[in-house]
Amino acid sequence: MLDQIHWLAAVTVLGVLEQAYFFLQVIYARRLFGISPPKISGPPEFERIFRAQVNSSEYFPIFLALLWQAGLFFHQGLAAALGLLYLYARYCYFMGYKASSSERLAPIYFSGGVLWILVAVSALGILHFFLSHYVGLNVLQLLTA
């Protein structure tokens, strides 16, 4: 069983570490700009870092669910590769947003595209499972025949 999920687990750990890095960046920015919790407003430089972290945190559960569904029902390797692309795009998003609000756009669109691909492969994998398990229709065998 573990050999079927090890890449998904590795990408999950990398994602958690990335989230921790984003959280630390907010803590450092709070210290740098003298903004104590629960305040969330301050100089634009702080607000951009804070928003980048919050936005990334909001999408993280969606990413994890899609990563694991795509990996379990479609293909672990493809899901893990897409997961790495997503994490890289999120890092570029965070660093771009930290520098300027306009530099966040290309990475956010790219990461959104990766999420949609994960949605598609998850849905295809789940559909294939239902068709083969409950209807007895193996689409893969039909396509290769």
Side-chain angles (χ1 to χ4, degrees), residues 1-135 137-140 143:
M1 170 70 179
L2 292 179
D3 61 332
Q4 297 172 352
I5 61 169
H6 63 284
W7 290 115
L8 301 175
V11 172
T12 299
V13 170
L14 284 174
V16 169
L17 291 173
E18 182 178 68
Q19 290 297 307
Y21 173 75
F22 295 161
F23 290 136
L24 288 174
Q25 291 301 301
V26 172
I27 291 170
Y28 297 146
R30 284 188 180 281
R31 291 179 185 158
L32 179 65
F33 297 108
I35 300 170
S36 298
K39 284 184 166 183
I40 58 171
S41 61
E45 295 84 4
F46 169 76
E47 290 183 4
R48 287 195 310 268
I49 293 169
F50 182 79
R51 287 302 318 152
Q53 181 270 319
V54 170
N55 290 347
S56 295
S57 294
E58 290 170 346
Y59 277 88
F60 194 62
I62 297 167
F63 162 69
L64 286 180
L66 292 172
L67 172 73
W68 281 86
Q69 287 176 9
L72 293 174
F73 286 98
F74 193 83
H75 190 275
Q76 178 189 202
L78 177 63
L82 289 168
L84 290 174
L85 274 176
Y86 177 82
L87 294 177
Y88 176 71
R90 270 295 164 173
Y91 177 79
C92 291
Y93 164 79
F94 186 90
M95 299 311 284
Y97 207 169
K98 185 177 176 180
S100 165
S101 61
S102 63
E103 290 186 41
R104 78 190 194 288
L105 296 176
I108 195 68
Y109 294 143
F110 184 78
S111 67
V114 173
L115 283 180
W116 280 110
I117 294 170
L118 283 169
V119 167
V121 295
S122 295
L124 286 173
I126 292 168
L127 178 64
H128 176 263
F129 175 81
F130 280 131
L131 288 175
S132 63
H133 192 264
Y134 292 109
V135 180
L137 179 64
N138 190 332
V139 178
L140 294 177
L143 291 175

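- A pairwise comparison of heavy atoms in Gln53 and Phe94 identifies N-CE1, 3.7 Å as the closest pair.
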Hey, can you pull the donor-acceptor pairs under 3.5 Å for the side chains in residues 29-46, sequence neighbours left out?
unit_1: Arg30; atom_1: NH1; unit_2: Ile35; atom_2: O; d: 3.3
unit_1: Arg30; atom_1: NH1; unit_2: Lys39; atom_2: O; d: 2.8
unit_1: Arg30; atom_1: NH2; unit_2: Lys39; atom_2: O; d: 3.0

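- Gln76 CD to Leu67 CG: the interatomic distance, rounded to the nearest 0.5 Å, is 9.5 Å.
- In this structure, CG on Leu82 lies 11.0 Å from CG on Leu87, to the nearest 0.5 angstrom.
- Across all their heavy atoms, Ala89 and Phe110 have their closest contact at CB-CD2, 3.5 Å.
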Compile the donor-acceptor pairs under 3.5 Å between side chains in residues 102-109 and protein atoms, sequence neighbours left out, one pair per line.
unit_1: Ser102; atom_1: OG; unit_2: Ser100; atom_2: OG; d: 3.1
unit_1: Arg104; atom_1: NH1; unit_2: Ser101; atom_2: O; d: 2.5

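- Contact annotation: the side chain of Val26 never approaches that of Phe23 to less than 4.5 Å [non-hydrogen atoms, C-beta and beyond].
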Donor-acceptor list for residues 9-22 side chains, cut-off 3.5 Å, not counting sequence neighbours:
unit_1: Thr12; atom_1: OG1; unit_2: Leu8; atom_2: O; d: 2.8
unit_1: Thr12; atom_1: OG1; unit_2: Trp68; atom_2: NE1; d: 2.8
unit_1: Gln19; atom_1: OE1; unit_2: Ser57; atom_2: OG; d: 3.2

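- More than 12 heavy atoms of other shown residues, nucleotides or ligands fall within 6.0 angstrom of atom CZ in Phe73.
- Taking CH2 of Trp7 as the start and CG of Leu78 as the end, the distance is 14.0 Å to the nearest 0.5 Å.
- For Gln25 (side chain) and Ile49 (main-chain N/O), no donor-acceptor pair under 3.5 Å exists by modelled atom type.
- In this view, Phe130 and Tyr134 satisfy the ring pair (Phe, Tyr, Trp, His ring centres under 6.0 Å) rule, not counting sequence neighbours.
- Using cut-offs of 30° and 60° for the angle between ring planes, the Phe63 and Phe60 rings count as tilted.
- Here OG of Ser122 is found 11.5 Å from CD1 of Ile117. Values are rounded to the nearest 0.5 Å.
- His128 is linked by a side-chain hydrogen bond (donor to acceptor under 3.5 Å, both in side chains) to Asn138, counting only residues two or more places apart in sequence or in another chain.
- Qualifying side-chain hydrogen bond (donor to acceptor under 3.5 Å, both in side chains) partners for Tyr93, counting only residues two or more places apart in sequence or in other chains: Asn55.
- The environment of CZ in Phe129 is crowded: more than 12 heavy-atom neighbours from other residues, nucleotides or ligands sit within 6.0 Å.
- Side chains of Gln69 and Ile126 form a contact here, defined as non-hydrogen atoms less than 4.5 Å apart.
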